[in-house]
Number of protein chains: 2
Amino acid sequence: MASDQTRSAILAAAERLYADRGFGDVTLRDIVAEANVNLAAVNYHFGSKDELIAELFVTRSIQTNRERLNELKAAEEAGGGRASIEDIMRALVGPTLRGCLGPDREGSTAARFMIRASIESVPPIRRIKNREVDHLRKFAAAMRRAMPGRDDTELYWGLHFALAMAHHTIREKERLLRLSEGKCDLDDVRAIIDRVVTVSVMALTMGDAPSKPAARPVLVHGRLTRQDL
Amino acid sequence: MASDQTRSAILAAAERLYADRGFGDVTLRDIVAEANVNLAAVNYHFGSKDELIAELFVTRSIQTNRERLNELKAAEEAGGGRASIEDIMRALVGPTLRGCLGPDREGSTAARFMIRASIESVPPIRRIKNREVDHLRKFAAAMRRAMPGRDDTELYWGLHFALAMAHHTIREKERLLRLSEGKCDLDDVRAIIDRVVTVSVMALTMGDAPSKPAARPVLVHGRLTRQDL
DNA sequence: TTGCATTTCAAACATTTGTATGAAACTATC
DNA sequence: GATAGTTTCATACAAATGTTTGAAATGCAA
């Protein structure tokens with residue numbers, strides 16, 4: 001068998017098992033059984049279990065970051081070089097929410113893996129996450145361009161809260177579903193993204209209103225409209 | 001040694017070690033060493049390691065819930081039986097944020113333990129968290145009283161986002177600090193609570209404005225004032 | 001084919017870890 | 001102070017798990 005086949009069989013099996021059962025109770029033996037390869041293959045190809053997990057997470061992180069930046073770039077080009085704050089926030093939370101929620105989420109192993117990574121936060125992943133700040137700086141810069149003059153502190157808090165709402169929704173979707181007795185529709189990703197974006201922009205622009213009501217966020221793509229509010 | 005002394009020595013040592021080093025790499029042997037008791041004492045007094053962790057978490061959860069409900073009750077009494085939505089949100093996120101952030105947080109083992117519990121989410125704790133919904137229902141009820149006529153869905157989302165911002169701030173405070181290069185002051189708990197409450201109330205009351213600007217949240221206790229915005 | 005490097009494999013290793021055991025020490029009650 | 005119940009202790013157990021090893025198999029170039 002070609003070397004790459006074993007490698008990717010391990011990666012695929014590991015991602016699937018971790019996504020399904022969490023990092024806590026998936027052993028290397030489980031993984032190699034699922035991948036139909038020998039136990040020693042993991043250490044041969046990856047060095048250690050932790051490096052395997054790290055590779056999985058890095059791959060998926062890069063993917064997400066690329067999607068985010070693509071969306072940001074598209075918004076900037078559409079806006080003639082400068083994206084609106086709303087579109088920036090949408091680019092920030094959209095890819096993750098779309099990937100991890102929605103009715104077809106069961107089919108996406110990658111998304112479920114990233115949810116696990118967000119919930120369980122195992123050491124090798126935590127190490128990577130902690131140096132993930134550079135990517136966010138690009139968003140901070142775009143936000144600064146979109147809201148010149150606004151204090152940087154406010155900007156960071158807005159960015160922080162946007163991620164908070166997006167990630168918490170992914171992490172705790174079961175609980176929200178139970179608490180709301182199904183009233184909160186977690187399959188309508190469009191609406192959820194709009195909701196998170198709206199609140200984020202409100203947090204970022206608070207104080208601009210009420211004198212300038214035009215600055216208030218307006219929902220574009222979603223189902224929420226003024227009369228719902 | 002009296003039975004209770006051993007018991008509480010184990011509890012204290014376990015909480016301290018878990019808080020410092022996380023659930024991942026603290027063994028029962030570490031705990032009994034720290035507590036100066038015999039290894040078998042854990043199983044004798046608690047049955048198993050998981051039950052020890054569960055007891056730690058339940059104790060602290062009850063404590064937090066009590067603080068939240070006390071604050072809610074106080075607000076309701078001060079408001080003549082009905083608390084404002086702002087005070088309700090403040091009662092929801094205040095105790096946790098006060099406990100887990102702030103300059104004296106290093107001293108509070110309990111708070112650091114709860115942060116760990118929030119970050120690592122080990123099985124026995126996850127099991128408990130999943131049936132923790134009842135407590136939140138009381139807050140949902142209070143919110144319903146404060147905002148009669150508002151759609152329940154909106155209410156749950158507001159509750160959800162409030163917890164999102166609070167918990168994410170606790171979980172990711174290091175990252176926010178690094179991202180903002182220290183600009184976001186995570187020691188000023190007062191200001192953070194005000195910020196979370198303000199955004200939560202904005203999320204809950206969105207649509208009430210701009211026709212009724214009086215309905216916009218006004219910061220009371222904090223340092224943020226209108227001229228900052 | 002020969003020879004060399006890469007990859008696979010079964011088996012064993014070395015720890016770590018939670019738990020169980022049975023005797024000893026202790027405590028409190030009568 | 002004898003006895004029964006409780007608690008402590010040293011030690012052992014059993015299972016799991018990541019990692020290593022050295023040989024066998026495979027692929028590939030000369």
Starting at atom CG of B:N36, determine the distance to atom P of D:dT7, rounded to an integer number of angstrom.
20 Å
List, with names and distances, any nitrogen or oxygen atoms from the protein found under 3.5 Å away from nitrogen or oxygen atoms belonging to nucleotides 15-19 of chain D.
from   : atom 1 : to    : atom 2 : distance (Å)
D:dG18 : OP1    : A:K49 : NZ     : 2.7
D:dG18 : OP2    : A:L28 : N      : 3.0
D:dG18 : N7     : A:R29 : NH1    : 3.0
D:dG18 : O6     : A:R29 : NH2    : 2.9
D:dT19 : OP2    : A:N43 : OD1    : 3.3
D:dT19 : OP2    : A:K49 : N      : 2.9

Salt bridge between B:R195 and A:E154, side-chain N to carboxylate O under 4.0 Å?
yes
Does a nitrogen or oxygen in the side chain of A:N38 sit under 4.0 Å from OP1 or OP2 of C:dT7?
no
Distance check needed: C:dC26 C1' versus B:Y44 OH, whole Å only.
11 Å
Could you give the CD1-to-C1' distance, from B:I31 to C:dT19, as a whole number of Å?
14 Å
For A:T6 and C:dT8, is the shortest distance between a side-chain N/O and OP1 or OP2 below 4.0 Å?
yes
One thing to verify: whether B:R60 and B:E15 come together as a salt bridge, which I'm taking to mean a side-chain N less than 4.0 angstrom from a carboxylate O.
yes
Is any NZ, NE, NH1 or NH2 atom of the basic residue among A:E132 and B:R175 found under 4.0 Å from an Asp or Glu carboxylate oxygen of the other?
yes
Please list, chain by chain and in numerical order, all residues satisfying salt bridge (Lys or Arg N to Asp or Glu O under 4.0 Å) with A:R66, sequence neighbours excluded.
none
Answer yes when A:E172 and B:K129 have at least one side-chain N-carboxylate O distance shorter than 4.0 Å, and no when they do not.
no
Quick test of your reading of the model: are B:R98 and B:E71 salt-bridged, counting only N-O distances below 4.0 Å?
yes
C:dT6 phosphate, OP1 or OP2: any side-chain N/O from A:H45 under 4.0 angstrom?
no
